[in-house]
Engineer: 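Attaching a single structure in structure tokens format; questions to follow.
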Amino acid sequence: MTPPPPLGRPRNKDGLTFDPALDDTELATVRDALARGRWADARKLLAGTGDDWDRRGHRLTVLGEGATSVAWAREWQLAEPDSPDAAALLACATVFKAVRGKGSPEAARACALTAARMAPADPTPWLAILVLARRTGTDDERVRAFDQVRARHRDHHHAHHLMAACLAEHQKDDRDDPLHEVYDFASWAAEQAPADSPLAVLPVVAHAERYRVLARAGLEPRDPARSGHWTSRRARQVMKAAFDWWLEWDVDEDAAATAHPRRKVDLNYLAHAKLHEGRMAEAAALLTRIGPHAVRAPWSYPDRDPAKAFHAARRAALGAA
């Protein structure tokens, strides 16, 4: 009898895994342990993460997405009421429960603010508030949450991705404005970041987020292969700059433990863009580096099956599913 896949790692019939833990195997193991109530494993993981804010945010959001994470985070907090890690996990878990429509957004925000007071230097509770505001808040609430994250870690990867998605949804007319604010935001963030920062890929992310909005509004073909969104002069310049950055700053898989925890997210966006630009050799190199670590966005844009889209990309670029 074939055993089921590990907890939290949904697998389709073709064997493709969309695991938000990406290539953080330690995180995946702890996430599965937390689902069984072993919160002490999460305590050890977060203690070892320290103030690597991008990694901490990545790990806490993945741990917080579990269906039973609220219950086990509360149990941890009852055992250790002064633990900022327990408070941060409870904040993330409560936020994701509210985002799923199974909890109060007001209560989730209050929980995150409590965690923020317990660890004033930690951007993660504010990241949780931004995740909540992305789904239930106003533009002003999103901007305030983003500013709070950036005040604590100016190059916060996940927060910049969320803000790009929010800004991309501002639509004033029936076309794509080349001067749209999301493009300005992404360019500004990339320019402000250190040379080795994966925020260099944010302009590509912004381009995909705008496609999502335009296609869902009927202003671009719903099949990205039929869209010219990735072939304009501006788009090609953005994608060349991002690909050149990857060539210079990519790391060997052997260095994964010290590499940026969300770099596979950027590679998915860049591979998706190169595929639709028609640069198959570059798309193939990126898909090879991605390996099994596919992410749902942007392959699902605007409303596609991400597994089918990812397999189609691999067939087109690599000649294999």
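Sequence positions, counted from 1, serve as the residue numbers for this chain.
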Engineer: V70 and V95: same hydrophobic cluster, using ILVMFWY side-chain contacts below 4.5 Å?
Structural biologist: no

Engineer: Under 4.0 Å between a Lys/Arg side-chain N and an Asp/Glu carboxylate O for K172 and D177?
Structural biologist: no

Engineer: Quick one: does NZ or CZ of R234 land under 6.0 Å from the six-membered ring centre of Y183, within 45 degrees of the ring axis?
Structural biologist: yes

Engineer: Can E26 and R59 be said to form a salt bridge (charged side-chain N to carboxylate O under 4.0 Å, His left out), step by step?
Structural biologist: CA-CA 10 Å; E26 187 179 9; R59 287 176 162 177; 3.6 Å; yes

Engineer: State, to 0.1 Å, how close L16 and A307 come at their nearest heavy-atom pair, and which atoms those are.
Structural biologist: CD2-CA, 3.9 Å

Engineer: Is there a side-chain contact between D51 and W53 (heavy atoms, below 4.5 Å)?
Structural biologist: yes

Engineer: Quick test of your reading of the model: are D32 and R38 salt-bridged, counting only N-O distances below 4.0 Å?
Structural biologist: no

Engineer: Do you know the tightest heavy-atom contact between A200 and A190?
Structural biologist: CA-CB, 4.1 Å

Engineer: With ILVMFWY side chains joined below 4.5 Å, transitively, what does W76's cluster contain besides itself?
Structural biologist: L27, V30, L34, W39, L45, L46, L60, V62, L63, W72, L89

Engineer: Any carboxylate oxygen within less than 4.0 angstrom of a Lys/Arg side-chain nitrogen, looking at K274 and E277?
Structural biologist: yes

Engineer: Is there a donor in the side chain of D122 and an acceptor in the side chain of T124, or the other way round, less than 3.5 Å apart?
Structural biologist: yes

Engineer: Step by step, work out the side-chain contact (heavy atoms from CB on, under 4.5 Å) result for L167 and M163.
Structural biologist: CA-CA 6 Å; L167 293 175; M163 216 40 221; 4.1 Å; yes

Engineer: Ion pair present between R226 and E220, side-chain N to carboxylate O less than 4.0 angstrom?
Structural biologist: no

Engineer: Just do the salt bridge (charged side-chain N to carboxylate O under 4.0 Å, His left out) check on D303 and R222 with the steps written out, would you?
Structural biologist: CA-CA 8 Å; D303 53 9; R222 299 186 82 83; 2.5 Å; yes

Engineer: If we only count heavy atoms from C-beta on, is the W230 to R236 side-chain gap below 4.5 Å?
Structural biologist: no

Engineer: Looking at G228, is its backbone amide N or carbonyl O close enough to the side chain of T231 to form a donor-acceptor pair, meaning the two atoms are under 3.5 Å apart?
Structural biologist: yes

Engineer: Just so I know, are the side chains of H229 and P224 near enough to count as touching, which here means a heavy-atom distance under 4.5 Å?
Structural biologist: no

Engineer: Take Q148 and I129 through the test side-chain contact (heavy atoms from CB on, under 4.5 Å) and record every step on the way to the result.
Structural biologist: CA-CA 10 Å; Q148 290 290 342; I129 291 172; over 6 Å; no

Engineer: Does some side-chain heavy atom of T114 sit less than 4.5 Å from a side-chain heavy atom of R117?
Structural biologist: yes

Engineer: Relative to each other, are the rings of W188 and F185 parallel, tilted or perpendicular (30° and 60° limits)?
Structural biologist: tilted

Engineer: List the atom of P261, the atom of D23, and the distance in Å for their closest heavy-atom pair.
Structural biologist: O-OD1, 4.4 Å

Engineer: So how far is it from E209 CD to C166 SG, rounded to the nearest 0.5 Å?
Structural biologist: 9.5 Å

Engineer: Hydrophobic cluster membership, with links at side-chain heavy-atom distances under 4.5 Å among I/L/V/M/F/W/Y: are L286 and W245 in one?
Structural biologist: yes

Engineer: Taking all heavy atoms of P84 and all of R56, pick out the closest pair and write down the distance.
Structural biologist: O-NH2, 4.0 Å

Engineer: Tell me whether D266 is salt-bridged to R262, with the criterion being a basic N under 4.0 Å from an acidic carboxylate O.
Structural biologist: no

Engineer: To the nearest 0.5 Å, what is the distance between CG (L318) and OG1 (T288)?
Structural biologist: 4.5 Å

Engineer: For this output row, return yes or no: ring centroids of Y211 and H276 closer than 6.0 angstrom.
Structural biologist: no

Engineer: Could you tell me which non-hydrogen atom of H170 sits nearest to which non-hydrogen atom of H180, and how far apart they are?
Structural biologist: O-NE2, 2.6 Å

Engineer: So how far is it from Q77 CD to E75 CD, rounded to the nearest 0.5 Å?
Structural biologist: 12.0 Å

Engineer: Would you give the length of the straight line joining atom NZ of K44 to atom OG1 of T49, rounded to the nearest 0.5 angstrom?
Structural biologist: 12.0 Å

Engineer: Testing the basics here: between P125 and A112, what is the closest heavy-atom pair and its distance to 0.1 Å?
Structural biologist: CB-O, 3.5 Å

Engineer: Can the ring centroids of W299 and H272 be said to lie less than 6.0 angstrom from one another?
Structural biologist: yes

Engineer: May I ask you to check whether H58 and H158 place their ring centres under 6.0 Å from each other?
Structural biologist: no

Engineer: Calculate, to the nearest 0.5 Å, the distance between atoms CG and SG belonging to L132 and C92 respectively.
Structural biologist: 11.0 Å

Engineer: Taking ILVMFWY side chains as joined if any heavy atoms are under 4.5 angstrom apart, and letting links pass through other members, which residues group with L219?
Structural biologist: L214

Engineer: Assess whether a salt bridge exists between D305 and R296, defined as any Lys/Arg side-chain N lying under 4.0 Å from an Asp/Glu carboxylate O.
Structural biologist: no

Engineer: Side-chain heavy atoms under 4.5 angstrom apart, residues restricted to Ile, Leu, Val, Met, Phe, Trp, Tyr: same cluster for L247 and I290?
Structural biologist: yes

Engineer: Please test D54 against R263 for salt bridge (charged side-chain N to carboxylate O under 4.0 Å, His left out), starting from the C-alpha separation and ending with a verdict.
Structural biologist: CA-CA 11 Å; D54 277 318; R263 72 194 184 287; over 6 Å; no

Engineer: Kindly compute the distance separating OG (S197) from NE2 (H156), expressed to the nearest 0.5 Å.
Structural biologist: 12.0 Å

Engineer: Before we go on, tell me: are the rings of H161 and H157 under 6.0 Å apart, centre to centre?
Structural biologist: yes

Engineer: Do R210 and Q171 have a side chain donor and acceptor closer than 3.5 Å?
Structural biologist: yes

Engineer: Is there a side-chain contact (heavy atoms from CB on, under 4.5 Å) between L130 and E141? Walk through the geometry before answering.
Structural biologist: CA-CA 8 Å; L130 179 56; E141 288 170 340; over 6 Å; no

Engineer: Give a yes or no on whether L199 and V143 share a hydrophobic cluster (residues Ile, Leu, Val, Met, Phe, Trp, Tyr; joining criterion: side-chain heavy atoms under 4.5 Å apart).
Structural biologist: no

Engineer: Under the criterion side-chain contact (heavy atoms from CB on, under 4.5 Å), I'd like the reasoning laid out for L202 against V205: C-alpha separation, chi angles, the key distance, then a yes or no.
Structural biologist: CA-CA 5 Å; L202 194 66; V205 174; 4.2 Å; yes

Engineer: Would you call D147 and R150 a salt bridge, taking side-chain N to carboxylate O under 4.0 Å as the test?
Structural biologist: no

Engineer: Group every Ile, Leu, Val, Met, Phe, Trp and Tyr by side-chain heavy-atom contacts under 4.5 Å, then state whether Y301 and L287 land in the same group.
Structural biologist: yes

Engineer: Taking the six-membered ring for Trp, are the ring centroids of H160 and F146 within less than 6.0 Å of each other?
Structural biologist: yes

Engineer: Taking the side chain as everything from C-beta on, heavy atoms only, tell me whether D24 gets closer than 4.5 Å to L22.
Structural biologist: no

